[in-house]
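Here is the structure we will look at.
Naming: A, B, ... by sequence-line order, numbering from 1 per chain.
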Number of protein chains: 2
Amino acid sequence: MPAIGFQPHDHSACVDGALSKAQAHCAALGLRMTPVRRRTLEILLAEHRALGAYDILGVLSEEGLGAQPPVAYRALDFLVKAGFAHKVEALNAYIACAHLGADHTPAFLICRACKSVAEADTAPAKGRLDDAARAAGFVIERTVVEAEGLCPDCQTDTKAEGTKAKGTTP
Amino acid sequence: MPAIGFQPHDHSACVDGALSKAQAHCAALGLRMTPVRRRTLEILLAEHRALGAYDILGVLSEEGLGAQPPVAYRALDFLVKAGFAHKVEALNAYIACAHLGADHTPAFLICRACKSVAEADTAPAKGRLDDAARAAGFVIERTVVEAEGLCPDCQTDTKAEGTKAKGTTP
DNA sequence: CCAGTTATGTTATAGTATTACGCTTGCTAC
DNA sequence: GTAGCAAGCGTAATACTATAACATAACTGG
Ligand SMILES: [Zn+2]
Ligand SMILES: [Zn+2]
Ligand SMILES: [Zn+2]
Ligand SMILES: [Zn+2]
């Protein structure tokens, strides 16, 4: 499964699966899936797009779950550390993990037109980078692999001039 | 030359070479290497570290070359577009290109202890990522490959607990 | 010189993230 | 049970990163 996010798929199964896997993972490791954290994960899972911390905060505060930035950042930190979400560095935004449960190093394909983000696996790319790092005597702890460009849908749309919306909240 | 930045080297030759290559490149393409832009490049070249836009701005303003954020951001944009510098997304910071003149997609090795950054070549990793993207029907326009970890020097320093300084401004 | 373009100066504002501190909640040890 | 502790949350304040908008100045080609 190379890149979840662009292909049409059963998204509610996608969401339900991720939520139950996250729940199980928390139970197994003694992590606490609190209301704010669960809701934050749900918000991220709703779309295969990266959301800013303040987008999350907006929703949380509408729902009475917290009104200040640290609420969102703390929940996001938890989700990222637990492996339920990733930070997309090129966007300063966050996205739910699409391969939840697999221990992996993500690679993102980011569409600059519709803002959707697909998560691929980097195993191949990472091997080569590891080689280069080893040669330099560098020990890698975390890798960021992100590619910006145009997704299949947006390549045909009049050369991707404007802003196109996709997903569950158009 | 896999990763310039960690190995000891003749750094003033490194700086001079980059400056003259940049100058030549501007002459060839009709780009304008203005005082602010040249000085910004010099500041970045002084260290194999990423500097924030406001670090740059601080130096520029001390020298009477501009006091407001857009001054630094415009100079950095120029340098990045011209290929003389790169943005390190994981740090929201900027670094002079270590392979100036080569048309390349950079990969960065970022030391979390001493903050030095080495620039390696991604050609191998990029090929694999291209394959994955093609399979998904995605067209890549720009790639970001960054690895955080510990550089050779910092691996031995008591497990890299504190803040260590390195480079020309210790 | 003149018009067009590119660069700079400056103000204001938007967007992203963290520090700090006090309160509450849930767990464990007694 | 309840005292003590650790983790999580509420809130205010602040730091850091980046851009929009508009006026002025400098360079370019005719
Ligand atoms: Zn889905
Ligand atoms: Zn798209
Ligand atoms: Zn050097
Ligand atoms: Zn480079």
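- Side-chain contact check for B/Glu47 and B/His11: no donor-acceptor pair (N or O, by modelled atom type) lies under 3.5 Å.
- Within 4.0 Å of A/Arg74, counting heavy atoms only, lies at least one base atom of the nucleic acid.
- Side chain of A/Val71, nearest nucleotide from C/dT6, D/dT19, D/dG10: D/dG10.
- A donor-acceptor contact under 3.5 Å is formed by the side chain of B/Tyr54 with the base of D/dA18.
- Distances from the side chain of A/Ala53 to the nucleotides D/dC27, C/dT8, C/dA17 place C/dA17 closest.
- Across all strands shown, A/Leu57 has no heavy atoms under 4.0 Å from either base or sugar-phosphate atoms.
- Residue A/Tyr94 has its side chain nearest to C/dA17 when only C/dA17, D/dT17, C/dT6 are considered.
- Between B/Glu89 and B/Arg142 there is a salt bridge, since at least one side-chain N of the basic residue sits less than 4.0 Å from a carboxylate O of the acidic one.
- Residues B/Asp77 and B/Arg74 are not paired through a salt bridge, judged by the lack of any N-O separation under 4.0 Å between the basic side chain and the carboxylate.
- Comparing C/dT10, D/dA18, C/dT18 by their nearest atom to the side chain of B/Asn92 picks out D/dA18.
- Comparing C/dT6, D/dA20, C/dT19 by their closest approach to the side chain of B/Arg32 singles out C/dT6.
- Closest contact between the side chain of A/Tyr73 and the listed nucleotides D/dC27, C/dA17, D/dC9 involves C/dA17.
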